[in-house]
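Read the structure below first, then the notes.
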2 protein chains.
Amino acid sequence: MRMSPARMSRETLLPLLAAHVMAHGLADASLRPLARAAGTSDRMLIYHFGNKDALVAALLDYLVARFADALDSAFPQARSASRRACAETVYAVTGQPAFAPFRRVWWDIVAGCSAGNAAYLAAAGGMMEVLLEWVVDHLPASDPDPAAGARAVLTAIEGAQALRAVGRGDIAEAGLAALEGRPA
Amino acid sequence: MRMSPARMSRETLLPLLAAHVMAHGLADASLRPLARAAGTSDRMLIYHFGNKDALVAALLDYLVARFADALDSAFPQARSASRRACAETVYAVTGQPAFAPFRRVWWDIVAGCSAGNAAYLAAAGGMMEVLLEWVVDHLPASDPDPAAGARAVLTAIEGAQALRAVGRGDIAEAGLAALEGRPA
DNA sequence: ATTCGAATGTAGCGAGTGCTACACTTGTAG
DNA sequence: CTACAAGTGTAGCACTCGCTACATTCGAAT
């Protein structure tokens with residue numbers, strides 16, 4: 001009676017690792033708890049990824065991809081009626097409980113960027129690129145300058161998210177409401 | 001020949017501790033490096049503050065006060081000509097090197113809030129209150145709704161700061177530029 | 001001068017950190 | 001069947017973490 005050794009690879013490990021990180025945060029994720037969550041040992045994580053930095057880098061790539069997936073599946077397909085409506089839609093959707101883990105790791109990433117971590121910078125760039133494209137595609141077709149509009153919307157969204165994260169969702173909502181209701 | 005024992009208290013310690021935190025970040029500040037920076041031992045930090053959580057709480061209070069000071073001394077006295085100009089002023093001033101340490105710890109605080117840390121939430125609330133009041137006071141006198149205007153400006157500023165932190169200052173600046181140039 | 005409590009130094013505990021050494025078992029290629 | 005490399009388990013290293021026990025020194029009140 002011998003269990004299959006359940007051969008592992010980066011690919012089979014990453015979803016389990018990502019689940020643990022989204023549940024417990026990225027900032028203070030350490031090898032042994034990660035390994036426990038994935039049903040392995042710290043020894044094997046190092047074996048498969050080389051060292052912790054490489055593991056985190058792989059994890060960030062994976063999380064960016066999952067974030068893109070989550071956007072595609074959770075967001076309405078239709079374009080918004082205005083920049084303001086677009087921003088409020090993104091704010092509402094990314095405020096759903098399903099996005100809480102992403103919000104959690106997002107601020108870990110921002111803090112890491114602010115501390116000068118290059119891997120985090122790359123991941124943050126990826127996430128912003130994904131979001132920016134999504135916003136461009138969902139701006140009103142009548143928007144005179146979708147590129148500029150998307151940047152305005154994204155700036156407002158990030159600010160609203162930050163304010164919500166620190167318990168000042170009231171400011172965030174008032175801020176979004178002040179976005180111009182119709183394309184300029 | 002006996003040196004004065006340099007009696008210490010929370011009050012004499014806090015500036016030194018704060019300096020270390022602003023230089024090296026709040027997230028992974030640990031007792032022994034903090035003590036070294038303040039010319040003491042971890043033992044004494046615990047003695048004066050009780051435990052690390054209380055120390056961090058005191059440190060956050062102190063940092064909020066220093067942030068308020070820095071705002072008062074670094075910002076122009078005059079009111080801005082528009083909401084957009086006000087936002088761009090704050091963005092420019094808080095982008096100065098003198099504010100880099102505050103930006104650094106700010107994102108540590110936001111990440112801590114997102115992880116559910118109550119002390120961080122209180123500190124973040126304090127910082128936002130300070131900033132909100134400053135914005136209200138510097139909006140054009142002609143602004144029809146300074147309370148709403150300040151919230152709009154603050155949301156845009158926070159978003160711009162976040163984007164700048166992750167290396168997308170280009171988006172931030174485009175976003176601020178799209179704020180209405182004259183009071184609505 | 002004596003006493004007493006506040007302040008401080010030294011040493012260490014138990015837990016957790018990233019990572020490694022070494023032995024061992026597999027599945028597969030020759 | 002044998003040889004070999006990929007994969008895995010066990011144990012441990014050198015370190016940091018927050019915190020504590022214990023002994024000492026110091027300044028001020030009596």
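Each chain gets a letter, A, B and so on, in the order its sequence line appears, and its residues count up from 1.
Taking atom CG of residue B/Leu45 and atom C1' of nucleotide C/dT8, one finds them 12 Å apart after rounding to whole Å. Atom CZ in A/Phe49 sits roughly 14 Å away from atom P in C/dG18 (whole-Å rounding). As a whole-Å value, the separation of B/Tyr47 OH from C/dT10 P is 17 Å. B/Arg10 places its CZ atom 13 Å from the P atom of C/dA6, with the value rounded to the nearest Å.
If you check residues 109-123 of chain B against DNA chain C, you find no residue with a heavy atom closer than 4.0 Å.
In this structure, the separation between CG on A/Leu45 and OG1 on A/Thr40 is 5.5 Å, given to the nearest 0.5 Å.
For A/His48 and D/dT8, the shortest distance from a side-chain N or O to OP1 or OP2 is below 4.0 Å.
The backbone N or O of B/Asp137 sits less than 3.5 Å from a side-chain atom of B/Arg79, completing a donor-acceptor pair.
Across C/dA7, C/dT10, C/dC22, the shortest atom-to-atom separation from the side chain of A/Arg43 is found for C/dC22.
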Quiz item: Step by step, would you call B/Leu17 with B/Phe49 a side-chain contact (heavy atoms from CB on, under 4.5 Å)?
Solution: CA-CA 12 Å; B/Leu17 298 175; B/Phe49 293 93; 4.1 Å; yes
Exercise. Step by step, work out the side-chain contact (heavy atoms from CB on, under 4.5 Å) result for B/His138 and B/Thr89.
Key: CA-CA 10 Å; B/His138 289 72; B/Thr89 297; over 6 Å; no
Quiz prompt | Residues B/Arg151, A/Glu173; criterion salt bridge (Lys or Arg N to Asp or Glu O under 4.0 Å); working and verdict | solution = CA-CA 9 Å; B/Arg151 281 158 177 76; A/Glu173 282 147 34; over 6 Å; no
Exercise. Please assess B/Leu63 against B/Met22 for the test side-chain contact (heavy atoms from CB on, under 4.5 Å), listing each intermediate value before the final yes or no.
Key: CA-CA 9 Å; B/Leu63 287 172; B/Met22 298 213 286; 3.8 Å; yes
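Each of B/Leu13, B/Val21, B/Val64 was scored for a side-chain contact (heavy atoms from CB on, under 4.5 Å) with B/Leu59, with one residue passing: B/Val21.
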Side-chain donor-acceptor contacts of residues 96-116 of chain B below 3.5 Å, not counting sequence neighbours, with atom names and distances?
residue, atom, partner, partner atom, Å
B/Arg103, NE, B/Thr94, O, 2.8
B/Arg103, NH2, B/Gly95, O, 3.0
B/Arg103, NH2, B/Gln96, O, 2.9
B/Arg104, NH2, B/His24, O, 3.0
B/Trp106, NE1, B/Glu158, OE1, 3.1
B/Asp108, OD2, B/Leu26, N, 2.9
B/Asp108, OD2, B/Ala27, N, 3.1

Self-check item: Letter per nucleotide, 5' to 3', of nucleotides 12-18 of chain D [B base touched, S only sugar-phosphate touched, - untouched; heavy atoms, 4.0 Å]
Solution: B----BB
